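Below is one structure, written out as structure tokens, with a few remarks after it.
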Amino acid sequence: RDRGAAVRLEVPADAPAGKHTLRVEAYKSAQNQNFYGERGFAFEVKALDLQVEVLEPRKRFYRVGDEIEFAVKAELPDGEPPDGLAGSITLWHTELPLSLTRAGLLEGYYTVQDRDAGGIKAKVIAGDAHGNYGVEELEFEVSGSTLTHALQQNLPYLLAGLAVFLVVWS
């Protein structure tokens, strides 16, 4: 009587994405007879969606000249930090790399520029060494500018005005 068999295959999170084949072979000997069988099973490993959480910034309103600090946490579905984590932020079709500061945490900075007036749409992308990735989209409002930025932009005019004042006064 054949009692069958069971096979369980667990695919680890670091398994390479793509198509694979599992080949099962079975042997049985009984009453001077040998029985043999084999079967191939095709399966596909798909990339996992990394869970991406933007820890910083928490603010949604900025002025030209403000520095935005980004802190991004990325983890596998089981909560573990991914191997070989790397990430970036895309703003205005410009990709800014994020630095890995500790397991599962990426950080970076961006200074709000004049072209950002009105608003910024950003996309955070984090990926690991095994082709798993996650994406988070952000949006910020930008109006006005910092005093430092306004002074830097108008410094030549302020200096010219001061020079004229000093010439007239002396």
Side-chain angles (χ1 to χ4, degrees), residues 6-24 39-159:
V7 175
R8 179 180 174 169
L9 173 67
E10 290 187 30
V11 179
D14 61 353
K19 294 185 180 187
H20 303 275
T21 302
L22 171 67
R23 194 171 119 207
V24 178
R39 174 78 194 254
F41 299 93
F43 66 98
E44 184 174 358
V45 175
K46 294 187 177 182
L48 294 172
D49 289 331
L50 294 183
Q51 269 115 37
V52 176
E53 179 185 358
V54 178
L55 304 174
E56 292 289 338
R58 292 193 176 129
K59 286 176 29 176
R60 293 295 176 236
F61 299 94
Y62 290 92
R63 297 175 296 171
V64 174
D66 281 340
E67 185 172 77
I68 302 175
E69 179 181 346
F70 291 94
V72 178
K73 180 181 175 185
E75 56 187 28
L76 294 165
D78 64 2
E80 291 295 314
D83 293 330
L85 182 63
S88 64
I89 299 172
T90 303
L91 305 130
W92 297 106
H93 307 291
T94 301
E95 191 173 323
L96 303 172
L98 294 171
S99 300
L100 183 64
T101 56
R102 62 177 192 260
L105 187 65
L106 299 164
E107 294 181 343
Y109 299 91
Y110 175 72
T111 301
V112 180
Q113 301 174 26
D114 288 319
R115 70 178 180 182
D116 299 323
I120 300 173
K121 288 186 180 184
K123 185 184 290 187
V124 177
I125 301 171
D128 70 7
H130 309 291
N132 305 314
Y133 68 95
V135 177
E136 185 71 28
E137 294 189 9
L138 305 169
E139 209 167 314
F140 307 104
E141 290 186 33
V142 177
S143 63
S145 63
T146 63
L147 179 59
T148 303
H149 179 75
L151 288 173
Q152 287 173 343
Q153 294 298 308
N154 295 304
L155 189 59
Y157 304 110
L158 293 171
L159 291 175

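Please read these numbers as outputs of a predicted model, since none were measured by experiment.
Nearest heavy-atom pair across V135 and I125 is CG2-CG1, 4.2 Å. Contact between V142 and R63 at its shortest, heavy atoms only, is CG1-C, 4.3 Å. Here the closest non-hydrogen pair linking D128 and P82 is CB-CB, 3.5 Å. Heavy-atom minimum distance, L22 versus L9: CD2-CD2, 4.1 Å. A pairwise comparison of heavy atoms in R102 and L100 identifies O-CD1, 3.3 Å as the closest pair. For the pair A126 and V52, the tightest heavy-atom approach, listed with the atom from each and the gap, is CB-CG2, 4.1 Å.
Between Y109 and T111 there is no side-chain heavy-atom pair separated by less than 4.5 Å. At least one side-chain heavy atom of L91 sits less than 4.5 Å from a side-chain heavy atom of L96. The closest side-chain heavy-atom distance from I89 to Y110 is not below 4.5 Å. In this structure the side chain of H20 reaches within 4.5 angstrom of the side chain of F43, judged on heavy atoms. No side-chain heavy atom of P77 sits under 4.5 Å from any side-chain heavy atom of D49. Contact of the Y62 side chain with the S143 side chain is not registered, since no non-hydrogen atoms from C-beta on lie closer than 4.5 Å. Residues Q51 and L76 form no side-chain contact, since every pair of their non-hydrogen atoms from C-beta on lies 4.5 Å or further apart. The closest side-chain heavy-atom distance from L98 to V72 is below 4.5 Å.
Judged purely by atom type and a 3.5 angstrom limit, D114 has no side-chain atom pairing as donor or acceptor with the backbone of A117. No donor-acceptor pair closer than 3.5 Å links the side chain of D116 to the backbone N or O of I120.
Rounded to the nearest 0.5 Å, atoms CG (L48) and CD (E75) are 12.5 Å apart. Interatomic distance, L105 CG to L85 CG, rounded to the nearest 0.5 Å: 9.0 Å. Atom CG of L50 and atom NZ of K73 lie 13.0 Å apart (nearest 0.5 Å).
For NZ of K59, the number of neighbouring non-hydrogen atoms (other residues, nucleotides, ligands) closer than 6.0 Å is greater than 12.
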Run the side-chain contact (heavy atoms from CB on, under 4.5 Å) check on E67 and E69 step by step: do they pass?
CA-CA 6 Å; E67 185 172 77; E69 179 181 346; 5.9 Å; no

One pair to check against side-chain contact (heavy atoms from CB on, under 4.5 Å): E107 and F70. What are the steps and the verdict?
CA-CA 5 Å; E107 294 181 343; F70 291 94; over 6 Å; no

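For the residue pair S88 / E95, a side-chain donor-acceptor distance below 3.5 Å is found, with atom types taken as modelled.
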